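Worksheet for the structure shown next.
Small disclaimer: the values here were computed from a predicted structure and weren't measured.
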Amino acid sequence: MKLPLSLLNSTMPSGSGSLVWFRKGLRIHDNPALEYASRGSNYVYPLFVIDPHYMEPDPNAFSPGSTRAGINRIHFLLESLHDLDLNLKKLGSRLLVLKGEPSQVLIHCLKEWDVKKLCFEYDTDPYYQALDNRVKNYASTAGIEVFSPVSHTLFNPADIIEKNGGRPPLNYQSFLKLAGEPPWASSPLSVDLSSIPPVGDVGSCEILQVPTLKELGYVEKDQDEFTPFRGGESEALRRLRESLSDKIPWNVDDKLLAAWREARTGYPWIDAIMVQLRKWGWMHHLARHCVACFLTRGDLFVHWEKGRDVFERLLIDSDWAINNGNWLWLSCSSFFYQYNRIYSPTSFGRKYDPNGNYIRHFLPVLKDMPKEYIYEPWTAPLSVQTKAKCIIGRDYPKPVVSHDSASKECRRKMREAYALNQKLKGLVSEEDLKKLGSKLDEDEDEGQEPNPRRKRQKLIN
DNA sequence: ATGGAGTTGTGATG
DNA sequence: CATCACAACTCCAT
């Protein structure tokens, strides 16, 4: 299919043009080759070459697909290309698809188009190395700049081997030693492109749209007959976000957060600790545990990051890594998982300080409260409160939550979050599992509980 | 697949 | 103070 002329900017004045040759890194974000091409170019040709070597049907192959690639792999690639094209279009460009032996197609394009820079991701595959050499040779004779960054791998494999005296390291320890700091550790990843220069004049080249399987000569099948893994940058980023997202549905409750932060929870043990934090900038390690647990998974179910920020600001021994680590730990977000072990905001302190001296010190308003009531002053009869010169609800707040019901609710939410996490942990979505489930039910005897883990196992093996 | 370990849980019981 | 039930987490070694 010929491209409509309007998209081709054939009237574009000649200037610096760049060609981005897409092969493996079929993405817009974090793509140094694309970024380099887009910077300082008047127009950019994003090109993908359909290589018959990988894409043409081979009826004699041992499974459906081409000589080199099974049908799933080709399908996945087409989905990725389709998504790449969509994403390029969002930025004012599009994917140019050509067909043929890639190095020949590339050289032809470089001859046809006004291109000053050729940009493509470095590839270690022997097949691509050979292709790349042919293309690079031509580019150098034609005076075209070649930019071929390492971005498919985090490190440059050639560097690692060279550092090891020409031999590849044979275990992970020595690899790490040789690799050292990754080059991007001290600098931010590439920026997000907000636009890409338009496509230039393509001359006489026959530009294709991203083909369908059918157009490539394959028999169309239903989606669920293919691998449950969908191709494309958008899907990849969605999976990444899903995997990084918090499975725990923390409350957004600034009132509860403020009550905790301002030592107004109504639980003297908690509030005394928070006063000490504010006044001294230091508390005992276990006191930190108590208030962190209370704010997050124990009672208030407020996001651990909120508490972390308060600690970060007020602790004199504040340490970014330790602080984050401890909050992740205490909130059962990572490292520690026994969310049923909840510190009691009353009995934990009572165990070590039955008289409540700590509370009396940091919350003087409660200093005359009898020890029987000092951890739960709202239970003190009014006569006792009057005698202690501390009326609950006036001189000292009532509890913001009831620990019994709040902690039960927290346990329930944690249980659900963990269960959901279990389900999502596999690389297969719920929807995929359902499909797979019905498929398995057809093959299997009945009576098996629909256990996602079990079914995922089947899928993987 | 399974069992043991895992900074630092609570509350009842003896 | 030790032990147990509670209800059941992940990670790791086997």
Summary of protein contacts for nucleotides 2-7 of chain B, nucleotide by nucleotide, where a base hit scores B, a sugar-phosphate-only hit scores S (4.0 Å, heavy atoms): ----BB

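- For the OP1/OP2 pair of B:dG9 and a distance below 4.0 Å, the side-chain nitrogens and oxygens of A:Ser344 include no atom meeting the criterion.
- Between C:dA8, B:dT10, C:dT10, one nucleotide has an atom nearer to the side chain of A:Tyr418 than all others, and that is C:dT10.
- Following rounding to the nearest Å, A:Phe348 (CZ) and B:dG11 (C1') show an atom-to-atom distance of 14 Å.
- Distance from the side chain of A:Leu286 is smallest for B:dT8 among the nucleotides C:dA8, B:dT10, B:dT8.
- For the pair A:Ser38 (side chain) and A:Leu34 (backbone), a donor-acceptor distance under 3.5 Å is present.
- Rounded to the nearest Å, the gap between the P atom of B:dT7 and that of C:dA7 is 25 Å.
- Residue A:Asn340 contributes atom CG, which lies 16 Å from atom P of C:dA5 at whole-angstrom precision.
- The aromatic rings of A:Trp250 and A:His303 lie tilted to each other, with the angle between the two planes from 30° to 60°.
- Distance CG (A:Leu330) to C1' (C:dC9): 15 Å, rounded to an integer number of Å.
- No contact: A:Arg411 has no heavy atom under 4.0 Å from any strand.
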Give the dot-bracket line for DNA chain C from 5' end to 3' end: parentheses for intra-strand Watson-Crick or G-U pairs under 3.5 Å, square brackets for crossings, | for inter-strand pairing, dots for unpaired. ||||||..||||||

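- A donor-acceptor pair shorter than 3.5 Å can be found between the side chains of A:Gln276 and A:Tyr358.
- A:Met414 has its CE atom 10 Å from the P atom of C:dT10, to the nearest Å.
- Other residues, nucleotides and ligands contribute over 12 non-hydrogen atoms within 6.0 Å of the CZ atom of A:Arg350.
- Aromatic rings of A:Trp269 and A:Phe294 (six-membered ring for Trp) have centroids beyond the 6.0 Å cut-off, not under it.
- Below the 3.5 angstrom threshold, one finds a donor paired with an acceptor across the side chain of A:Tyr343 and the base of B:dT8.
- We find that CZ of A:Phe294 is positioned 14 Å from P of B:dT10, with the value rounded to whole Å.
- Rounded to whole Å, the distance from CZ on A:Arg415 to P on C:dA7 is 10 Å.
- In this structure, A:Gln338 CD and A:Arg341 CZ are separated by 4.0 Å, a value rounded to the nearest 0.5 Å.
- In this structure, A:Phe76 has its ring center at least 6.0 angstrom away from the ring center of A:Phe229.
- Ring to ring, A:Tyr36 and A:Phe147 are close: their centroids are under 6.0 angstrom apart.
- C:dC4 and B:dG4 have their P atoms separated by 15 Å, given to the nearest Å.
- You'll find the ring centres of A:Tyr54 and A:Tyr127 inside the 6.0 Å limit.
- Between A:Trp269 atom CH2 and B:dT8 atom P there is a gap of 17 Å when expressed in whole angstrom units.
- Residues A:Trp21 and A:Tyr128 place their aromatic rings such that the two centres sit no closer than 6.0 Å.
- Atom CD1 of A:Ile342 is separated from atom C1' of B:dG11 by 14 Å (rounded to the nearest Å).
- The existence of a salt bridge linking A:Lys163 and A:Asp159 is excluded, since no basic side-chain nitrogen approaches an acidic carboxylate oxygen closer than 4.0 Å.
- Exactly one of A:Asn355, A:Asn357, A:Leu363 qualifies for a side-chain contact (heavy atoms from CB on, under 4.5 Å) with A:Ile359. That residue is A:Leu363.
- Residues from residues 401-410 of chain A that place a heavy atom under 4.0 Å from any atom of DNA chain B: there are none.
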